[in-house]
2 protein chains.
Amino acid sequence: MKHSEHRAFSCNKGGHQICIAEAVQVAESLCRQRKQRFTSIRRRVLELVWHQHKPIGAYQVLEALQQEGRAAPPTVYRALDFLQQMGLVHRIASLNAYVGCAHPGAPHDGQFLICESCKALAELDAAEISNAIEQSADRSGFKPHRQTVEIMGLCPRCR
Amino acid sequence: MKHSEHRAFSCNKGGHQICIAEAVQVAESLCRQRKQRFTSIRRRVLELVWHQHKPIGAYQVLEALQQEGRAAPPTVYRALDFLQQMGLVHRIASLNAYVGCAHPGAPHDGQFLICESCKALAELDAAEISNAIEQSADRSGFKPHRQTVEIMGLCPRCR
DNA sequence: ATGATAATGTTATATTATAACGTTTCAATT
DNA sequence: AATTGAAACGTTATAATATAACATTATCAT
Ligand SMILES: [Zn+2]
Ligand SMILES: [Zn+2]
Ligand SMILES: [Zn+2]
Ligand SMILES: [Zn+2]
């Protein structure tokens with residue numbers, strides 16, 4: 001089991017640098033496979049997104065970049081868009097924020113548990129939920145294509 | 001069965017004024033029960049939200065209000081906030097837009113099917129989905145409190 | 001009528017995101 | 001190595017969504 005395949009909410013005690021390193025490695029590998037350029041900006045944005053197991057806002061990323069040189073919003077949004085398209089980052093619609101994908105490789109939507117107290121986030125890919133959605137949608141004659149599932153509540157540490 | 005208790009996506013063929021009228025009646029009744037003021041602005045915003053079975057943006061509501069007199073963003077956002085708190089309107093996070101609640105009475109989160117083609121929206125309150133979420137969350141030691149479930153896809157008419 | 005509370009008006013500003021266009025970088029081909 | 005076409009990036013401006021702060025008005029309970 002790779003470090004990045006940890007269970008939800010299990011990486012809150014530090015030693016987190018390895019998450020970042022792994023995310024970057026996986027990203028490099030995937031981009032090479034798909035003949036996409038993993039530029040230094042894209043790498044840096046991915047690192048910043050992974051810097052915490054919490055969603056981060058685009059303008060927080062921007063601030064961090066600006067510590068290291070000039071940067072403007074499009075720089076950040078372009079990198080985030082790229083990383084999303086590569087399935088390396090998810091956007092959390094209910095927070096207008098971004099988080100590293102816990103299961104990169106194949107693009108997917110995922111489901112997110114977000115702690116209202118400490119803001120920690122865990123990504124699920126629960127077939128149980130997707131199936132329930134699929135079946136309920138079917139019953140309405142609706143053909144699902146993309147799902148946004150964001151659950152606010154209390155994480156194990158805060159409940 | 002009241003008109004507002006129609007099945008998902010079944011009210012697309014006009015005769016929709018009755019939805020608005022019913023939504024207003026229910027709102028009046030609920031506000032009276034709860035000793036909240038159903039002011040003319042709140043009523044007008046609710047009507048505008050119900051004017052289509054599609055999510056509407058806050059600034060679209062604002063434009064409509066401005067046809068009828070002066071209005072500024074806070075007016076709209078206050079009314080929308082009130083209507084949300086009363087469980088009469090839902091905010092669709094993935095669209096930054098608002099839609100009338102199909103099952104007003106008790107506050108709830110609901111689940112939304114949104115057509116990517118015609119933008120029609122249907123609200124579900126599927127225990128099947130909520131249960132799947134509840135169980136998956138439990139397995140992570142997470143205590144769910146509020147859910148955002150927004151499914152993009154194709155409605156029966158567009159698929 | 002009086003005072004307290006809630007709602008609204010008004011102005012300004014914060015926050016999130018994209019448009020438009022010129023320049024640079026990079027890799028493939030010659 | 002030079003050419004060149006596409007992709008990425010820099011830069012400026014602006015769009016779109018949402019809230020802060022404070023003055024004014026309406027409503028309700030006494
Ligand atoms: Zn993921
Ligand atoms: Zn927590
Ligand atoms: Zn509802
Ligand atoms: Zn449709």
Side-chain angles (χ1 to χ4, degrees), chain A residues 27-28 30-49 54-86 88-99 119 148 150, chain B residues 27-28 30-49 54-86 88-99 119 148 150:
Chain A
E28 270 175 350
L30 283 174
C31 289
R32 205 172 324 118
Q33 278 177 42
R34 298 172 189 168
K35 303 199 192 309
Q36 298 292 313
R37 298 187 205 165
F38 193 57
T39 65
S40 62
I41 289 178
R42 290 167 176 179
R43 172 192 312 256
R44 192 72 193 104
V45 169
L46 182 63
E47 286 169 353
L48 289 166
V49 166
K54 299 177 188 179
I56 185 173
Y59 277 75
Q60 288 179 264
V61 173
L62 178 58
E63 272 184 53
L65 286 184
Q66 285 172 336
Q67 305 294 311
E68 305 162 7
R70 282 179 198 158
T75 299
V76 173
Y77 283 103
R78 282 171 187 149
L80 289 172
D81 287 349
F82 171 83
L83 294 170
Q84 282 179 263
Q85 276 167 21
M86 295 296 287
L88 296 164
V89 158
H90 293 285
R91 178 169 192 276
I92 307 301
S94 58
L95 300 176
N96 297 329
Y98 303 82
V99 69
K119 314 303 176 194
T148 297
E150 298 167 6
Chain B
E28 270 175 350
L30 284 175
C31 288
R32 204 171 325 117
Q33 277 177 41
R34 298 171 189 169
K35 303 201 192 308
Q36 298 294 313
R37 299 186 203 164
F38 193 56
T39 65
S40 63
I41 290 178
R42 291 168 177 179
R43 171 193 312 257
R44 191 72 192 104
V45 169
L46 182 64
E47 286 170 352
L48 289 165
V49 166
K54 300 176 185 178
I56 186 173
Y59 277 75
Q60 288 178 266
V61 173
L62 179 58
E63 273 184 52
L65 285 184
Q66 286 173 336
Q67 305 294 313
E68 306 163 3
R70 282 179 198 157
T75 299
V76 172
Y77 283 102
R78 282 171 186 149
L80 289 172
D81 287 350
F82 172 83
L83 294 170
Q84 282 180 265
Q85 277 168 21
M86 295 297 286
L88 296 165
V89 158
H90 293 286
R91 178 169 193 274
I92 308 300
S94 58
L95 299 176
N96 296 331
Y98 303 82
V99 69
K119 316 301 177 196
T148 297
E150 297 167 7

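Chain letters run A, B, ... following the sequence lines, proteins first, then strands; residues in each count from 1.
At a threshold of 4.0 angstrom between heavy atoms, the contacts of B:Phe38 with the nucleic acid are absent.
In this structure, A:Tyr98 and A:Val89 approach most closely via the heavy-atom pair CB-CG1, 4.1 Å. Considering every non-hydrogen atom in both A:Ile56 and A:Leu48, the closest pair reads CD1-O, 4.0 Å. Annotation for A:Val45 and A:Ala79: closest pair CG2-CB, 3.7 Å, computed over non-hydrogen atoms. In terms of heavy-atom proximity, A:Val99 sits nearest to A:Pro55 at CB-CA, 4.3 Å.
Between chain A and DNA chain C, the heavy-atom contact criterion of under 4.0 Å yields a 5' to 3' nucleotide range of C:dT16 to C:dC26.
As rounded to whole Å, 15 Å separates atom C1' of D:dA8 from atom CE of A:Met86. Distance, B:Ile56 CD1 to D:dT17 P: 11 Å, rounded to whole Å. Per the geometry, CG belonging to A:Leu62 stands 15 Å off P belonging to D:dC9, to the nearest Å. One atom, CD of A:Gln66, and another, P of D:dC9, lie 16 Å apart when rounded to the nearest Å. Remark: P of D:dC9 and CZ of A:Phe82 are 9 Å apart, rounded to the nearest angstrom. Rounded to whole Å, atom P of D:dT17 lies 13 Å from atom CG of B:Leu80. Rounded to a whole Å, the CD atom of A:Glu68 is 16 Å from the C1' atom of D:dC9. The separation between A:Asp81 atom CG and D:dA8 atom P is 12 Å, rounded to whole Å.
Sequence order on DNA chain C of the closest nucleotides to B:Ala72 and A:Arg91 puts B:Ala72 first from the 5' end. Of the two residues near DNA chain D, A:Thr39 and B:Pro74, the one whose nearest nucleotide lies more 5' is A:Thr39. Comparing B:Arg78 and B:Arg37 against DNA chain C, the residue whose closest nucleotide sits nearer the 5' end is B:Arg37. Remark on DNA chain D: of its neighbouring residues B:Ala58 and B:Lys35, the 5'-side contact belongs to B:Ala58, judged by nearest-heavy-atom nucleotide.
Distances shorter than 4.0 Å separate some side-chain N or O of A:Arg70 from OP1 or OP2 on D:dT11. Residue B:Tyr77 places at least one side-chain N or O closer than 4.0 Å to OP1 or OP2 of D:dA18. Between B:Asn96 and the phosphate of D:dA16, there is no side-chain N or O to OP1/OP2 separation shorter than 4.0 Å.
With B:Glu28 as the fixed residue, the salt bridge (Lys or Arg N to Asp or Glu O under 4.0 Å) test singles out one of B:Arg34, B:Arg37, B:Arg43, B:Arg42: B:Arg43.
Under a 3.5 Å cut-off, the side chain of B:Gln66 and the backbone N or O of B:Ala71 do form a donor-acceptor pair. At distances below 3.5 Å, at least one donor-acceptor pair connects side-chain atoms of A:Glu150 with backbone N or O atoms of A:Ala93.
Between the side chain of B:Tyr59 and the base of D:dA15 there is no donor-acceptor pair of N/O atoms closer than 3.5 Å.
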